[in-house]
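Shown next, in structure tokens, is the structure this report addresses.
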Amino acid sequence: MGWFAKTRRNIIPSNVWEKCKRCEEAIYRKDLEKNFWVCQKCDYHFALPNLDRINLLADEGTFEEFDAALASDDPLQFQGVVPYRERLKKSQAKTLVKEAITTGYAKICGLPVVLAVFNFDFMGGSMGSVVGEKIVRACENAIQRRHPFVLVSTSGGARMDEGILSLMQMIKTGMAVARLSMERIPFISFLADPTTGGVTASVAMLGDVILAEPGALIGFAGPRVIEQTIKQTLPKGFQRAEFLKEKGVIDMVVHRSQAKNTVGKILRFFA
Amino acid sequence: MGWFAKTRRNIIPSNVWEKCKRCEEAIYRKDLEKNFWVCQKCDYHFALPNLDRINLLADEGTFEEFDAALASDDPLQFQGVVPYRERLKKSQAKTLVKEAITTGYAKICGLPVVLAVFNFDFMGGSMGSVVGEKIVRACENAIQRRHPFVLVSTSGGARMDEGILSLMQMIKTGMAVARLSMERIPFISFLADPTTGGVTASVAMLGDVILAEPGALIGFAGPRVIEQTIKQTLPKGFQRAEFLKEKGVIDMVVHRSQAKNTVGKILRFFA
Amino acid sequence: MTPTVHVLPFEQHLVELENKITELRALSESSFLDLSAEIETLTQKLNASRCETYQCLTPWQVTQIARHPQRPRTLSYLERLFHDFVELHGGRQFPDDNAIVCGLATFHGEPVVVVGHQKGKDTEDNIYRNFGMPHPEGYRKALRVMKLANKFGRPIITFVDTPGAYPGLEAEERGQAEAIARNCLEMSFFQVPVVVVIVGEGGSGGAVALGVGDAVIMLEYAIYSVISPEGCASILWKDASRAEDAATALKLTSQDLLKFGVIDEVVTEPVGGAHRDFETTAQNIEKAIAKYLALLKPMSVEELQQRRQAKYRQMGIYTDQK
Amino acid sequence: MTPTVHVLPFEQHLVELENKITELRALSESSFLDLSAEIETLTQKLNASRCETYQCLTPWQVTQIARHPQRPRTLSYLERLFHDFVELHGGRQFPDDNAIVCGLATFHGEPVVVVGHQKGKDTEDNIYRNFGMPHPEGYRKALRVMKLANKFGRPIITFVDTPGAYPGLEAEERGQAEAIARNCLEMSFFQVPVVVVIVGEGGSGGAVALGVGDAVIMLEYAIYSVISPEGCASILWKDASRAEDAATALKLTSQDLLKFGVIDEVVTEPVGGAHRDFETTAQNIEKAIAKYLALLKPMSVEELQQRRQAKYRQMGIYTDQK
Ligand SMILES: [Zn+2]
Ligand SMILES: [Zn+2]
């Protein structure tokens, strides 16, 4: 039983049908879970919840979480349609976690790593002070233990509700990667759908090796903003993982079924 | 009187007319010489003989040549239409120097430098073993004296007659620049018309700052080879200094009248 | 005659006063009437009124000043505060990007490297400068030139003035996210002092790419934000016209940023904004740059790097609910 | 059945013998005649004749073998000699270039980085691979991946097999000269062993960009030259068809290069060339790589760098006429 079993399986019934977003096939949820949320008919990669992602990559029973108690403040007293404080509470209630990233120690294919996984279900995986801080602490842990750092991103970008402080997380996390780099700690960055904005333009794009899931949307500006700017429809496949591989922006597109195995191979190169 | 007066002025009469290659104006050679071979009507930059170039840049009476006695061998016993040995002899007779680059100590705007100037009149400024060796020695001199290295290139590329040994000069000179760089000795690369082939693809493109003369042809492949390959006429201005500035390949296009002054400014930045 | 100053919406009442003064002046000249007392009174009123207006600017008004079309640009400061400028164009691997200027220069006689976003002076120039919105090659050119400074031990001064990274197709294809991230990473390593001067708009990632500094100073009416007020408003209320509310919510003024510890100092602007008195603005910036260079230049590489790391290490506000 | 081997012009007389043997075999099978003695004689004659031909190949014939369409490519060696290959595509800033492949792998169980030019197997593949002629982004991708090896202390093995840099418009615009030069410069600094294996065509700048190594080894029938024989002939005689003479003049065979000290070792090929016996060729290369890695890996960074510097420092032949 994976790490997430305790916290998640018991809250969502698995005897329901899900519809594939690409081929529209109805799939039994239990089958999807077994197949790590990849459509067996058309290979569509469903969004993988944060905890399933940890289970996908980490060897069974090896994950030990760091800094689970770090939680966001509301430094700007930010008032949107819903005040930031309320949005935070709702997300916390929905996800049962305090923030949009989970970090911790794990083994992948037997090799020890520090693993950090964004949680898109928590406010779109946006990066505010806590996400930044947890990434930096994860990097510091990686340096201390001399373990490679593996980051799985899925994020809408900087968390607007924390204003300039969320922007500063780009520099803060970039600097943490600079320290990793100086210490020659390997950093594998794995991009899942979607990875955009300030997360792409900081830690996510700084991996020694950058992998992405098939079809993942990856970019700085969002496609809608670009369309509005250039007043043109974007070409099919634009900003998708496959496109970015062709553009030399990322290294590989890795099917979810090969994710662990590929990360393992790369870790062995660095080990 | 500049350094070159002794060696050059007395062999070519200056009371003749030269025709501008761009605007076709007939210009009195003496006027051209005074204006450092720039057409006063259309600003066309004539090819500047190696010695005039030294005089253009070096403060009067400061140039002291290095390694004037290094001369090419014929390691391949190369037999073209005319054997390499004969071509060498002819070039030596024509130019009164032993090889296609002149290197030495100089001051520019009062600041000491090691200066190297290609000689296009000597076999098209091509780089064989001697040119490579002289560049490397110039770099070593620059390191020893802690003087910036200023290189003015005008070259057709590697010297085919020395085969693979001329190709190796690309690595050899690249490595010399690596040492300059490691020692944090500034390197200003100045590209004159034309700079192509193996010289561009090694030492010439590795300057900390890269300047070029207006209209200078700069590239790796020659325009004719490219036209043959792509079976298209090249756009006007392609591979010219102004075009390359736009393409971000070089830093500045500098009019010959500003050459010394600009190099001086840059040297002061490094001093 | 100085060129007409573009009037911001909230300055309308000041313009009316200005116009009256101009009328009176014209009248007094043509009619030989002595209207100097009236002119004096109105001038005092104008000044008082302007002071009042500028004392309680809303964040949205500040945003408008920060974007004022006549606001002094990077090149204005370059010309005024620096000498021997040699502009470098080559990122070596990419087309030159005119939205960023950079080069070698001297500041108070000392060699430095200057890098900054450059907005246009007018429409034509703005097209040339892409409205100060860089493509990835702009950041990469800046990085190359900053690395030159780093290699040769010269301080770096950056000027930030951009609406943000250009949200275009090619910018994405050429990896603008990577370019911005790379600059953050590389600027962390620099062994030379970096002074960042936010002079106009500090727009998101485009600003951050030139924004990692040992000292970050900011003009009084400049802004610095994770997203433009318009962008924020369209996300929050699906209505870009509520930018004014967003500007307030985002806390993007120099005073806000000073409070958050994101900047080190607010550089005072003349009443009416930098564009009404460039010389004073320039002098204020000059003093601030000189002050921070004097502070930073004596520091050892280790001290500089530790200080910079420590500074950004603690950016962010959160709680530990253990 | 193995696919038909493409026959080179100078092998025509061998093909005639081969055909005769095939005919006899067919005849003996269909007619139940015992032709084994005749077949044996002819086979011996074929082998002897092939040996003879391959013992005194002209440089132009070697060039043809080096360019043989079925000659094993970088990916062939990658599959045969390395394990756990993870191909990396990202130069991060430029489109991927399929004329160069690179990635992480293991060699004899040890992690290494492999980089090489890749020509196509057939016309379609050749178009995809641009006939093994890289654009600047190819060298830059290679450099990024080699820097990864350098950062993490892994040896680098490069395979050279290119007609040369691609002489195209965009390649020039994107600074191919700079890219080649940069690779030479950066490879000078590397702190890890670099073994260069010239397996096919070592064409000028395109080869040099992957060609700076602590050990440079070369297949017997590979070539390495400053210019293609055709290019040389068009310059010398304005006649590309005199490539044969140019090939001789250029001294581009492995034996020539060994004599000039440009390569460290010639790796023997089977008679008939690498494409006739891939397994033997691969084993020979494997042994040579293993040998040089064993030699280089124990060296300290200083020793490695000094040795590499010294090696290239003395390349060139000249006289001092003082
Ligand atoms: Zn499906
Ligand atoms: Zn003219």
Side-chain angles (χ1 to χ4, degrees), chain A residues 67 69-73 75-76 78-81 98 128-130 132-133 136 158-160 162-175 177-179 181-182 197-198 200-206 218-222 225-226 228-230 232 234-235 238-239 243-244 247-249, chain C residues 133 136 164-169 171-189 202 204-205 207-209 211-212 224-227 231-232 235-237 245-246 248-252 256-257 260-263 308-309 312-322:
Chain A
D67 304 314
L70 290 197
S72 285
D73 229 321
L76 272 63
F78 194 86
Q79 300 292 335
V81 178
K98 295 220 182 298
S129 297
V130 171
E133 178 69 19
V136 174
R159 187 173 299 167
M160 206 171 62
E162 294 193 19
I164 194 72
L165 291 174
S166 69
L167 193 69
M168 289 302 108
Q169 304 312 309
M170 290 173 65
I171 302 180
K172 181 170 167 171
T173 56
M175 221 167 239
V177 178
R179 284 199 299 273
S181 188
M182 214 149 13
T200 320
S202 60
V203 61
M205 269 297 150
L206 293 174
I218 299 158
F220 179 59
V225 176
I226 299 174
Q228 280 164 16
T229 307
I230 63 169
Q232 261 179 269
L234 294 172
F238 178 71
Q239 287 188 318
F243 173 87
L244 292 172
K247 293 298 173 189
V249 172
Chain C
M133 290 184 283
Y166 183 68
L169 208 104
E172 292 289 317
E173 288 184 7
R174 296 201 287 263
Q176 72 177 337
E178 194 272 347
I180 293 168
R182 183 69 47 197
N183 277 23
C184 288
L185 185 145
E186 296 278 354
M187 290 179 88
S188 311
F189 280 120
S204 187
V208 159
V212 184
Y224 192 9
S225 180
V226 66
I227 188 169
C232 179
I235 292 173
L236 286 183
W237 302 289
D245 299 327
T248 305
L250 283 168
K251 305 260 196 303
L252 45 59
D256 292 322
L257 295 192
F260 289 132
V262 169
I263 61 167
R308 194 185 305 143
Q309 294 269 348
Y312 285 100
R313 176 67 189 82
Q314 55 78 44
M315 290 255 176
I317 294 175
Y318 55 86
T319 52
D320 196 337
Q321 303 187 340
K322 242 191 308 214

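Order of the sequence lines fixes the chain letters, A, B, ..., with proteins taken first and strands second; residue numbering starts at 1 for each chain. Hydrogens, waters and symmetry mates play no part in the numbers below; they use all other heavy atoms, side chains included.
Comparing A/T173, A/V136, A/V203 by how many heavy-atom pairs each has under 4.5 Å with chain C, the most go to A/V136. Each of A/L76, A/V249, A/I230, A/V81 has some count of heavy-atom pairs under 4.5 Å with chain C, and the biggest count is that of A/L76. For chain A, the option among C/N183, C/I227, C/V212 with the highest count of heavy-atom pairs below 4.5 Å is C/V212. Of all the listed residues (C/Q309, C/R308, C/Q314), the one sharing the greatest number of non-hydrogen pairs under 4.5 Å with chain A is C/Q309. Put simply, of A/A178, A/A158, A/G163, the one with the most heavy-atom pairs under 4.5 Å next to chain C is A/A178. Ranked by non-hydrogen atom pairs under 4.5 Å with chain A, the options C/I180, C/L236, C/I317, C/D320 are led by C/I317.
Both the backbone and the side chain of A/V177 come within contact range of chain C, with heavy atoms under 4.5 Å apart. Both the backbone and the side chain of C/S204 come within contact range of chain A, each with at least one heavy atom under 4.5 Å from a heavy atom of that chain. Of the atoms belonging to C/L257, it is side-chain heavy atoms, and not backbone ones, that fall under 4.5 Å from chain A. In this structure, the portion of A/R179 lying under 4.5 Å from any heavy atom of chain C is its side chain and not its backbone. At a 4.5 Å heavy-atom cutoff, the contact between A/Q239 and chain C is made by side-chain atoms alone. At a 4.5 Å heavy-atom cutoff, the contact between C/Y224 and chain A is made by backbone and side-chain atoms alike. Heavy-atom distances place both the backbone and the side chain of C/L169 under 4.5 Å from chain A.
Residues passing the salt bridge (charged side-chain N to carboxylate O under 4.0 Å, His left out) test with A/E133 are A/R137, A/K172, C/R313, sequence neighbours excluded.
Nearest heavy-atom pair across C/W237 and A/G80 is NE1-C, 4.3 Å. When all heavy atoms of A/S181 and C/F189 are compared, the closest pair comes out as CB-CZ, 4.3 Å. Heavy-atom minimum distance, A/I226 versus C/G168: CG2-C, 4.0 Å. When every heavy atom of A/F78 is checked against every heavy atom of C/A249, the shortest pair comes out as CD1-O, 3.4 Å. Taking all atoms of both residues into account, the shortest heavy-atom contact from C/Y318 to A/A71 is CB-O, 3.4 Å.
Note that CE of A/M205 is 14.0 Å distant from CG of C/L185, once rounded to the nearest 0.5 Å. To the nearest 0.5 angstrom, A/L206 atom CG is 7.0 Å from C/E178 atom CD. Distance CG/A/L70 to CD/C/Q321: 9.0 Å, rounded to 0.5 Å. We find the OH-OG1 distance between C/Y166 and A/T229 to be 6.0 Å, quoted to the nearest 0.5 Å.
A donor-acceptor contact shorter than 3.5 Å links the side chain of A/Q169 to the backbone of C/M315. Checking side-chain atoms of A/S129 against main-chain N and O of C/G316 turns up no donor-acceptor pair under 3.5 Å.
Contact annotation: the side chain of C/E173 approaches that of A/F238 to within less than 4.5 Å [non-hydrogen atoms, C-beta and beyond]. Using a 4.5 Å heavy-atom threshold, the side chains of A/M168 and C/V262 count as touching.
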CA sep, side-chain torsions, deciding dist, call: A/L244, C/E172, side chain to side chain contact (heavy atoms under 4.5 Å, CB included): CA-CA 9 Å; A/L244 292 172; C/E172 292 289 317; over 6 Å; no

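For the side chain to side chain contact (heavy atoms under 4.5 Å, CB included) with C/V226, the lone residue among A/I164, A/L165, A/L167 that qualifies is A/L167.
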